[in-house]
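In what follows, a structure is listed as structure tokens, so that the remarks can point back to it.
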Amino acid sequence: MTSAHEVDPVARLRIMAAGVPGARVVEATLPAPLEAVWAVMSDLEGEFGRFQPDMRTVRVLRVTGDRVEALARSKYGLRAHFRGVLRPGWCWLQSRFLIIGMAAAPTPGGGTRVALTGGVRVPGRAAIVPLGAERELRVAMARLAGRVSA
């Protein structure tokens, strides 16, 4: 049962990002069904590292319900220990140094609205260093679109 006041995952991501100083959100509509898009986005150990520009590998350590814990390594060799939530259409992961948010929702025409946010955290704060964040998110979105259509 859904409520008239319920927000979809993309709107929820915009709300979450609004609470993180420096966060940018990149949104697009991909011409593929939600199931196909989310299969790529939620594959943390596989596809995720192929469309996120700075990620080289992700290894999921533990999944308990919709809670996930993972280790990631960047293409520069930096490591991040993420904890967060992964459920259909929604992913929010945080480490000491990074925040990653992804959301997807179906459109009436059969496509999928996708939103991405995240970046390098300001040390000790729930804030993102905004320099280059939007460019990285746009690269990730373009790569995601390519992975979904592949």
Side-chain angles (χ1 to χ4, degrees), residues 1-20 22-75 78-121 126 128 130 132-150:
M1 184 168 145
T2 59
S3 162
H5 303 289
E6 194 170 304
V7 296
D8 71 34
V10 172
R12 185 180 321 122
L13 185 121
R14 287 194 170 279
I15 293 167
M16 292 284 287
V20 180
R24 306 293 190 260
V25 176
V26 170
E27 185 176 329
T29 299
L30 303 181
L34 173 64
E35 295 77 17
V37 172
W38 194 248
V40 173
M41 295 174 74
S42 64
D43 181 12
L44 297 178
E45 292 186 327
E47 292 291 333
F48 182 76
R50 294 182 182 102
F51 73 85
Q52 285 290 336
D54 288 340
M55 289 293 162
R56 188 172 68 191
T57 60
V58 176
R59 184 167 53 101
V60 174
L61 301 175
R62 193 174 355 266
V63 176
T64 305
D66 64 359
R67 303 292 171 173
V68 65
E69 183 178 346
L71 287 177
R73 184 173 294 261
S74 78
K75 67 181 182 183
L78 302 175
R79 292 177 288 177
H81 188 162
F82 286 108
R83 290 183 174 86
V85 174
L86 177 66
R87 64 174 75 109
W90 178 256
C91 180
W92 189 271
L93 300 172
Q94 295 184 141
S95 75
R96 280 181 55 198
F97 304 110
L98 297 171
I99 295 174
I100 295 173
M102 306 187 295
T107 64
T112 302
R113 281 179 42 236
V114 174
L116 303 173
T117 190
V120 177
R121 294 179 76 164
I128 290 178
E134 186 169 336
R135 184 185 61 77
E136 292 289 322
L137 294 169
R138 291 194 183 286
V139 169
M141 186 65 78
R143 288 182 178 182
L144 174 62
R147 301 301 304 171
V148 169
S149 66

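- In this structure the side chain of Val85 reaches within 4.5 angstrom of the side chain of Arg67, judged on heavy atoms.
- Looking at heavy atoms from C-beta onward, Met55 lies in side-chain contact with Leu98 at the 4.5 angstrom threshold.
- Taking every heavy atom of both residues into account, Ala32 and Thr112 meet most closely at O-OG1, 2.7 Å.
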Residues Val58, Gln52; criterion side chain to side chain contact (heavy atoms under 4.5 Å, CB included); working and verdict: CA-CA 11 Å; Val58 176; Gln52 285 290 336; over 6 Å; no
Might you work through the side chain to side chain contact (heavy atoms under 4.5 Å, CB included) test for Arg59 and Glu45, ending with a clear yes or no? CA-CA 6 Å; Arg59 184 167 53 101; Glu45 292 186 327; 3.8 Å; yes
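- When atom types are taken as modelled, the side chain of Thr117 and the backbone of Arg24 share a donor-acceptor pair closer than 3.5 angstrom.
- Checked against side chain to side chain donor-acceptor pair (under 3.5 Å), Arg138 has the following partners two or more places apart in sequence or in another chain: Glu134.
- Annotation for Ala105 and Pro9: closest pair CB-CD, 4.1 Å, computed over non-hydrogen atoms.
- In Arg56, the CZ atom is crowded: over 12 heavy atoms of neighbouring residues, nucleotides or ligands sit closer than 6.0 Å.
- Between the CZ atom in Arg83 and the CG atom in Leu93 there is a gap of 11.5 Å [rounded to 0.5 Å].
- Here the closest non-hydrogen pair linking Arg87 and Trp38 is O-CZ2, 3.3 Å.
- Atom CZ of residue Phe97 and atom CG of residue Leu78 lie 9.0 Å apart, to the nearest 0.5 angstrom.
- Residue Pro106 comes nearest to Leu34 through the heavy atom pair CD-CD2, 3.8 Å, listed as atom of the first residue, atom of the second, then distance.
- The shortest side-chain heavy-atom distance between Trp92 and Arg12 does not fall under the 4.5 Å cut-off.
- Between the side chain of Arg14 and the main chain of Val10, no donor-acceptor pair closer than 3.5 Å is present.
- Side-chain contact between Phe82 and Leu61: absent, with no pair of heavy atoms (C-beta onward) separated by less than 4.5 Å.
- Arg113 approaches Thr107 most closely through the heavy-atom pair CG-CG2, 3.5 Å.
- The two residues Ala39 and Asp43 come nearest to each other via the heavy atoms O-CB, 3.4 Å.
- Between Leu116 and Met41, the closest side-chain pair of non-hydrogen atoms falls below 4.5 Å.
- Not one N or O on the side chain of Arg79 forms a donor-acceptor pair closer than 3.5 Å with the backbone of Leu71.
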What do the steps show when you test Glu69 against His81 for side chain to side chain contact (heavy atoms under 4.5 Å, CB included), and what is the final call? CA-CA 7 Å; Glu69 183 178 346; His81 188 162; 2.5 Å; yes
